[in-house]
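Below: one structure, written as structure tokens.
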Amino acid sequence: GAGVSQSPRYKVAKRGQDVALRCDPISGHVSLFWYQQALGQGPEFLTYFQNEAQLDKSGLPSDRFFAERPEGSVSTLKIQRTQQEDSAVYLCASSDKAIGTKNIQYFGAGTRLSVL
Amino acid sequence: QQPVQSPQAVILREGEDAVINCSSSKALYSVHWYRQKHGEAPVFLMILLKGGEQKGHDKISTSFNEKKQQSSLYLTASQLSYSGTYFCGTDSYGQNFVFGPGTRLSVLP
């Protein structure tokens, strides 16, 4: 595809449910980032993949958050036992270069998660 | 550590100029600038690399003061389409990529 695609665009979950958010990066991009963006705030880093390797997961807020990118392309962010404070927009970005280089990030439109 | 952006918000008339600043307490490898409109994805504007190399939008200019670890984004002759929230993102040694809190820009007719 032409850009980064995220699905679903909107997700409503009941507290305690598990959710899975999908990111299809731009074809061939080696780097993939997940961010959490609360209303009126900047995106906050969650985790970073270089190909299939998860090189940094320091931003994941708890062990309920898990991300994978098994074949180095599509990535899934899973949140277990969702809580109200998990409500946010989850953004995915990809780049054709590794972090620490000229890694221009291209963002998807995000998934807006609402936990009731 | 999150970079600091100033101002938090600015309102302009079409055709006016604006400057948005981004500073960090850490030694930076690069500074990235993105613009986000409400409900949309952040869109890349400009990247500045240590050493002065720049790459990005041809109607926006930036500067990077390495001594102060500060970058400025210059918007000249603003258009209605410039409205949105501007984020700087910083890439520093030994730290993951971090976005600032954003500067909300409103351009009025």
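Below, read A as the first sequence line, B as the second, and so on, with proteins coming before strands; counting in each chain starts at 1.
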Which residues in residues 69-79 of chain B have any heavy atom lying under 4.5 Å from a heavy atom of chain A?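 The stretch does not come within 4.5 Å of chain A.
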Test of understanding: clusters of I, L, V, M, F, W, Y form through side-chain heavy atoms closer than 4.5 Å, transitively. Do [X] and [Y] belong to the same one?
| X | Y | answer |
| --- | --- | --- |
| B:Val107 | B:Ile60 | yes |
| A:Leu39 | A:Val115 | no |
| A:Phe45 | A:Ile104 | yes |
| A:Val4 | A:Phe49 | no |
| A:Phe107 | A:Leu77 | no |

Is chain A contacted by the side chain of B:Gln5, its backbone, both, or neither, given a heavy-atom distance below 4.5 Å?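 Neither part.
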In terms of heavy-atom proximity below 4.5 Å to chain A, should B:Pro42 be classed as side chain, backbone, both, or neither? both
Option that, when pairs with chain B are counted at under 4.5 Å, heavy atom only, ranks first among A:Gln37, A:Arg112, A:Gln41: A:Gln37
If you tally heavy-atom pairs under 4.5 Å between each of A:Ser58, A:Gly110, A:Gly108, A:Gly42 and chain B, the highest tally belongs to A:Gly42
Take a 6.0 Å sphere around NZ of A:Lys78 and say whether it holds more than 12 heavy atoms from other residues, nucleotides or ligands.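 Counting other residues, nucleotides and ligands, NZ of A:Lys78 stays at 12 neighbours or fewer.
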Should we say atom CZ of A:Arg15 is surrounded by more than 12 heavy atoms from elsewhere, each under 6.0 Å from it? no
Residues that A:Asp24 engages under side-chain contact (heavy atoms from CB on, under 4.5 Å), provided they are two or more places apart: A:Ser5, A:Arg22, A:Val74
Calculate, to the nearest 0.5 Å, the distance between atoms CZ and CD belonging to B:Phe99 and A:Glu44 respectively.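 Rounded to the nearest 0.5 Å, the CZ-CD separation comes to 11.5 Å.
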